[in-house]
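Everything below concerns the one structure shown next.
Only a predicted model underlies this, so the values are computations on that prediction, with no experimental measurement involved.
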Amino acid sequence: MLSINRYNKIIAEFKWLQLNARAQSKHLPVFMSEWLFRHSTARFRGIANCAIVGAQKAGSSSLYYYLNQHPQVKPTFGKELHYFTGSIIENLDTYAKGDIWYRAHFPLTRNLKENDICVDATPLYLFNPLAAGRIYRCNPNCKIIILLRDPVDRAISHYFHSKKMGQENLPIEVALAKEGERLKNALANKDYKERAYRVHSYQARGLYWQQIKNYLHYFSEEQLLFINSDDFFNDTAQTLKQVFEFLEVDENHNISDLSVKNVGDKVSNVSAEVYQQLSQYYRIPNQALFAGLNKTFDWR
């Protein structure tokens, strides 16, 4: 007879299959057969040598889509792999499944050339304190791309995304005021898989510098590329050239489809007081960020 714990794990595994089949617009049996083949051949597969780690709601979906149009960037079996954060599904820890599980998402090494790029684009990696060290231990030569959006706009966009997904029913003023209380248990227990930590971290995710320092602890500055989201969307072609140079791939390749992906949810009925409150909240953290990066962004 199955224990409750084992039953919950089986249900979680099935949810993972369903979620990823839906994300790839595949029928579940098709997705499962492909996944089984990939898993059985995982030891013959590559690993990510580039990670887009965040920030959430800052343009990672668009960047990932554009990169996949470059011939030297090889397709990954899904965008947000969530390996280094242990998945977003309750009772499922994908990191505990180890290297074989992760490699199953990447191309066979026989199909990879020396300068080819495999990308893991999971925006939660920036916010999760464990991710940087885990990425380093998996591949210390990995190149890290970090998109940074004005944290005021990011927080508001995050709130409306949670609301659209049915994960938030409080008014924005109340949700911001209760954020510390909501995250208290996750932070105290260092349980970064807790739902509230992911879903209700509207303000905390915009404290970029303390998150970036986790990556600077493991990776050299030459391995990190910081992109202001405003620059990315205002001059996409030029920003992509910068990314291609960073990844050491052909800088002159033309990306034909520059349509924006995963467009943020419409922001409505946000008072001037909320904008002012958030601007004040981020004033000192943004100063620390600009000093640390030795550059400034034209944010609120």
Side-chain angles (χ1 to χ4, degrees), residues 13 16-17 19-21 23-26 30-54 60-88 92-126 128 130-147 215 218-220 222-225 240 242-251 253 255 261:
E13 294 277 1
W16 181 87
L17 291 168
L19 180 67
N20 284 272
Q24 297 185 29
S25 301
K26 295 177 180 177
V30 174
F31 176 86
M32 289 177 65
S33 63
E34 188 172 353
W35 173 247
L36 287 172
F37 170 73
R38 283 178 162 273
H39 197 275
S40 66
T41 57
R43 65 186 184 277
F44 305 115
R45 295 181 176 274
I47 205 79
N49 51 8
C50 170
I52 303 172
V53 301
S60 62
S61 294
S62 293
L63 179 56
Y64 178 76
Y65 178 72
Y66 304 153
L67 285 178
N68 273 292
Q69 296 178 57
H70 195 291
Q72 289 175 263
V73 176
K74 302 306 175 184
T76 305
F77 194 59
K79 173 183 173 276
E80 298 187 18
L81 305 185
H82 287 286
Y83 174 63
F84 298 111
T85 52
S87 95
I88 57 173
L92 178 63
D93 185 355
T94 50
Y95 186 68
K97 292 179 176 292
D99 180 70
I100 290 296
W101 187 92
Y102 190 50
R103 285 183 178 272
H105 293 84
F106 298 100
L108 294 164
T109 53
R110 71 187 183 195
N111 297 329
L112 294 172
K113 297 178 182 177
E114 183 179 357
N115 294 323
D116 284 346
I117 300 295
C118 295
V119 181
D120 178 351
T122 307
L124 189 55
Y125 289 166
L126 181 61
N128 188 306
L130 303 177
R134 289 174 171 181
I135 295 171
Y136 179 81
R137 287 187 287 274
C138 179
N139 182 3
N141 298 314
C142 190
K143 294 192 174 185
I144 308 296
I145 298 176
I146 302 178
L147 288 147
Y215 283 85
Y218 292 99
F219 298 95
S220 68
E222 291 73 25
Q223 288 175 266
L224 300 174
L225 177 64
L240 285 175
Q242 181 185 6
V243 173
F244 295 159
E245 180 181 5
F246 174 69
L247 296 177
E248 299 180 83
V249 297
D250 181 8
E251 300 171 34
H253 181 77
I255 302 302
K261 302 300 174 183

Is H105 reaching over with its side chain to a backbone N or O of R38, donor-acceptor style, under 3.5 angstrom? no
Value for CG (L240) from NE2 (H253), rounded to nearest 0.5 Å, stands at 10.0 Å
Over 60° means perpendicular and under 30° means parallel, so tell me whether F84 and Y102 are parallel, tilted or perpendicular. perpendicular
Report yes if some heavy atom in the side chain of Y215 is under 4.5 Å from a heavy atom in the side chain of I135; otherwise report no. yes
Write down the atom of C50, the atom of I145, and the distance for their closest heavy-atom approach. SG-CD1, 3.8 Å
Could you walk me through whether F244 and H70 satisfy the ring pair (Phe, Tyr, Trp, His ring centres under 6.0 Å) test, starting with their C-alpha distance in whole Å, then the side-chain angles of each, then the deciding distance to 0.1 Å, before giving a yes or no? CA-CA 9 Å; F244 295 159; H70 195 291; 4.8 Å; yes
For the residue pair Y95 and Y83, does the interplanar ring angle fall in the parallel (under 30°), tilted (30 to 60°) or perpendicular (over 60°) class? tilted
L247, L67, L112, N115 screened by side-chain contact (heavy atoms from CB on, under 4.5 Å) with Q72, the one that passes: N115
Gap between atom CG of L130 and atom OH of Y125 - 0.5 Å precision: 12.0 Å
For K79 and T122, which heavy atoms make the closest approach, and how far apart are they? O-OG1, 4.1 Å
Tell me whether S62 contacts the main-chain N or O of K261 through its side chain, where contact means a donor paired with an acceptor under 3.5 Å. yes
Distance col, row Y65:OH vs S60:OG, nearest 0.5 angstrom, shows 15.0 Å
Aromatic ring pairing W35/F77, orientation class (parallel under 30°, perpendicular over 60°, tilted between): parallel
Are any side-chain N or O atoms of N128 and backbone N or O atoms of L124, one a donor and one an acceptor, separated by less than 3.5 Å? no
Check against side-chain contact (heavy atoms from CB on, under 4.5 Å), K143 and N49: CA-CA 6 Å; K143 294 192 174 185; N49 51 8; over 6 Å; no
Closest non-hydrogen contact found for W101 with T94 is CZ2-CG2, 3.5 Å
For a quick test of reading the model, state the closest non-hydrogen atom pair linking N139 to F219 and the distance between them. O-CE2, 4.1 Å
Test your reading of the model: is there a side-chain donor-acceptor pair from Q223 to the backbone of C142, 3.5 Å cut-off? yes
Could you pull out the closest heavy-atom pair between V119 and T76, with the gap in Å? O-OG1, 2.9 Å
Is any side-chain heavy atom of F106 closer than 4.5 Å to one of L81? yes
Looking at K26 and A23, would you say the former's side chain and the latter's main chain have a donor-acceptor pair under 3.5 Å? no
Smallest separation among heavy atoms of C118 and P107, with atom names: SG-CD, 3.8 Å
Does E248 have more than 12 heavy atoms from other residues, nucleotides or ligands lying within 6.0 Å of its CD? no
Drop me the distance from L147's CG to L126's CG, to the nearest 0.5 angstrom. 10.0 Å
Nearest 0.5 Å please: distance from the CZ atom of R45 over to the CZ atom of R110. 8.5 Å
Please check this pair: side chain of S87 against backbone of H82, looking for a donor-acceptor N/O pair closer than 3.5 Å. no
Is R103 reaching over with its side chain to a backbone N or O of A42, donor-acceptor style, under 3.5 angstrom? no
For Y64, what residues pass the ring pair (Phe, Tyr, Trp, His ring centres under 6.0 Å) criterion, not counting sequence neighbours? none
